[in-house]
Number of protein chains: 2
Amino acid sequence: MEKLKKQLVKAGYKMTAPRIAVLEELSVSRHPISVRNLHKKIKAVNRASVYRTLNLLEESHLVNVEVIGKEKLYCLANVPHHHIICKQCGYMEEIKCNHNFGYFKNFSNIHHQLTLTGVCNKCAK
Amino acid sequence: MEKLKKQLVKAGYKMTAPRIAVLEELSVSRHPISVRNLHKKIKAVNRASVYRTLNLLEESHLVNVEVIGKEKLYCLANVPHHHIICKQCGYMEEIKCNHNFGYFKNFSNIHHQLTLTGVCNKCAK
DNA sequence: AACACAATTGCGAATTGTTCGCAAGTGTTA
DNA sequence: TAACACTTGCGAACAATTCGCAATTGTGTT
């Protein structure tokens with residue numbers, strides 16, 4: 001959390017209350033979360049500011065976005081990881097990320113986003 | 001293309017003109033494409049129908065969705081592949097997919113979506 | 001500790017993206 | 001070619017996201 005703040009400051013951003021609130025909520029919520037739900041948790045922060053904060057966090061690669069069905073979910077990127085998600089019930093497991101995609105000749109500064117979906121055993125009956 | 005149609009039919013859907021138009025446009029466009037641009041190319045098809053078609057194609061796993069910056073892009077999933085995209089100019093290379101994520105004990109029917117972003121050599125100057 | 005200034009916020013309105021309800025139209029199967 | 005369920009187009013509704021701007025706030029400087 002402190003590390004996150006430092007990264008933001010280093011990226012040239014001010015540490016304001018709304019930004020801290022967003023970071024803390026992302027840090028507290030164990031799972032990727034939608035803007036709607038994130039905002040529900042921190043109503044003191046204006047919705048537009050939630051969007052603005054998420055956008056700058058994304059540009060700084062401090063959060064990842066993934067699309068599950070019709071939802072766009074945000075998640076801290078501090079520890080490299082991905083998720084596998086059950087499409088029916090939303091059950092989710094975390095996956096350690098040990099992927100390396102740095103070998104593309106024509107690109108630098110490469111980031112990746114992996115999303116796995118499936119049906120969990122419980123839903124499969 | 002014919003194969004695509006057959007898959008749709010097998011999934012229980014009718015082969016209507018709007019659906020064929022969407023499939024053909026996806027098949028023609030070499031790159032992942034936004035709803036907006038897709039619809040621009042096939043104005044004869046109502047926007048709502050474009051959405052409906054993309055949704056059912058996605059549910060049938062015939063297309064993949066990925067988020068690049070603020071854009072949601074759709075792409076045929078007939079041949080397993082991914083993309084690496086330059087965030088600055090949009091230059092894009094295709095990546096063969098030889099990934100296997102079938103080994104998760106708690107899930108079945110697993111699909112994955114991998115998105116790579118970076119800066120292409122030209123933009124990096 | 002107060003200042004100054006640019007960065008950021010909150011607000012509401014505007015814009016854009018997506019879905020809905022329903023009457024009319026169309027593919028498929030017999 | 002008749003029948004029926006599935007689809008479409010349309011416009012309105014709804015949801016997501018951004019914008020413009022005045023007011024506020026962090027931060028570096030005195």
Side-chain angles (χ1 to χ4, degrees), chain A residues 1-2 4-26 29 32-60 62-75 87, chain B residues 1-2 4-26 29 32-60 62-75 87:
Chain A
M1 189 58 207
E2 288 315 309
L4 281 172
K5 292 187 188 173
K6 276 181 193 163
Q7 290 183 71
L8 252 202
V9 171
K10 196 188 292 182
Y13 296 109
K14 291 184 178 172
M15 276 318 308
T16 64
R19 285 172 183 169
I20 292 171
V22 169
L23 280 177
E24 293 213 307
E25 191 50 46
L26 285 174
S29 109
I33 188 173
S34 65
V35 177
R36 164 173 294 274
N37 284 334
L38 178 55
H39 181 226
K40 239 182 234 167
K41 300 291 194 81
I42 50 172
K43 288 231 195 61
V45 179
N46 187 272
R47 190 150 20 98
S49 295
V50 173
Y51 277 105
R52 287 185 285 230
T53 300
L54 287 174
N55 284 344
L56 73 83
L57 289 175
E58 192 191 345
E59 274 159 29
S60 313
L62 295 179
V63 302
N64 285 327
V65 195
E66 55 192 319
V67 175
I68 303 295
K70 311 210 165 303
E71 286 212 304
K72 216 169 158 184
L73 303 180
Y74 291 81
C75 174
K87 281 186 155 181
Chain B
M1 188 61 207
E2 288 316 309
L4 281 172
K5 292 186 190 173
K6 275 180 194 163
Q7 291 182 70
L8 252 201
V9 171
K10 194 187 292 181
Y13 296 108
K14 292 185 179 172
M15 276 317 309
T16 65
R19 285 171 182 169
I20 291 171
V22 168
L23 280 177
E24 294 213 306
E25 190 50 45
L26 285 174
S29 111
I33 189 173
S34 64
V35 177
R36 163 173 296 274
N37 285 332
L38 177 55
H39 181 227
K40 239 182 232 166
K41 301 291 194 81
I42 51 172
K43 288 231 194 60
V45 179
N46 186 273
R47 191 151 22 100
S49 295
V50 173
Y51 278 104
R52 286 186 284 232
T53 301
L54 287 174
N55 284 344
L56 74 83
L57 288 176
E58 193 190 343
E59 274 159 27
S60 312
L62 294 178
V63 303
N64 285 328
V65 195
E66 56 192 320
V67 175
I68 303 295
K70 312 210 164 302
E71 286 213 303
K72 217 168 157 184
L73 303 179
Y74 291 81
C75 174
K87 280 189 156 179

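Below, read A as the first sequence line, B as the second, and so on, with proteins coming before strands; counting in each chain starts at 1.
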**Prompt:** Are A/Leu57 and A/Leu4 close enough that some pair of their side-chain heavy atoms sits under 4.5 Å apart?
**Reply:** no
**Asked** What's the spacing between B/Lys40 NZ and B/Ile33 CD1 if we round to 0.5 Å?
**Response** 9.5 Å
**Request:** In whole angstrom, give the distance that lies between atom NE2 of B/His39 and atom P of C/dT19.
**Result:** 14 Å
**Prompt:** What is the distance from CG of A/Leu38 to C1' of D/dT17, rounded to the nearest Å?
**Reply:** 15 Å
Could I get a table of every N or O pair under 3.5 Å where one atom is in the protein and the other is in nucleotides 2-10 of chain C?
from, atom 1, to, atom 2, distance (Å)
C/dA6, N3, A/Lys14, NZ, 3.4
C/dA7, O4', A/Lys14, NZ, 3.2
C/dT8, OP1, A/Lys14, N, 3.3
C/dT8, OP1, A/Arg19, NH1, 2.7
C/dT8, OP1, A/Arg19, NH2, 3.2
C/dT8, O5', A/Arg19, NH2, 3.3
C/dT9, OP1, A/Thr16, OG1, 3.0
C/dG10, OP2, A/Asn46, N, 3.2
C/dG10, OP2, A/Ser49, OG, 2.8
C/dG10, N7, A/Arg52, NH2, 2.7
C/dG10, O6, A/Arg52, NH1, 3.4

**Request:** Enter the distance from A/Glu66:CD to A/Cys75:SG here, rounded to the nearest 0.5 Å.
**Result:** 6.5 Å
**Asked** OG of B/Ser49 to CG of B/Leu54: how many Å apart, nearest 0.5 Å?
**Response** 10.5 Å
**Non-hydrogen side-chain atoms of B/Ile42 and B/Glu24 separated by less than 4.5 Å** = no
**Prompt:** Is the backbone N or O of B/Val45 less than 3.5 Å from a side-chain atom of B/His39, with the two atoms forming a donor-acceptor pair by type?
**Reply:** yes
**Prompt:** To the nearest Å, how far apart are A/Asn55 CG and D/dT17 C1'?
**Reply:** 9 Å
**Contacting residues from residues 67-75 of chain B, given that a heavy atom lies under 4.0 angstrom of DNA chain C** = B/Lys72
**Phosphate-side-chain proximity, A/Tyr51 and D/dT17, N/O vs OP1/OP2 below 4.0 Å** = yes
**Item:** Within-4.5 Å side-chain heavy-atom neighbours: A/Leu38 and A/Tyr74
**Value:** no
**Item:** Between D/dA15 (C1') and A/Asn37 (CG): distance, integer Å
**Value:** 14 Å
**Message:** Contact between A/Leu26 and A/Leu62 at the side-chain level, heavy atoms closer than 4.5 Å - yes or no?
**Reply:** no
**Complete:** Which of D/dT27, D/dT17, C/dT19 is nearest the side chain of A/Met15? It is D/dT27
**Message:** I need the CD1-C1' distance between A/Ile20 and D/dT27, as an integer number of Å.
**Reply:** 14 Å
**Message:** Tell me the interatomic distance from B/Arg36, atom CZ, to D/dA16, atom C1', rounded to whole angstroms.
**Reply:** 14 Å
**Request:** Please report the shortest heavy-atom distance between A/Met15 and A/Arg19, naming the atom on each side.
**Result:** CE-CB, 4.5 Å
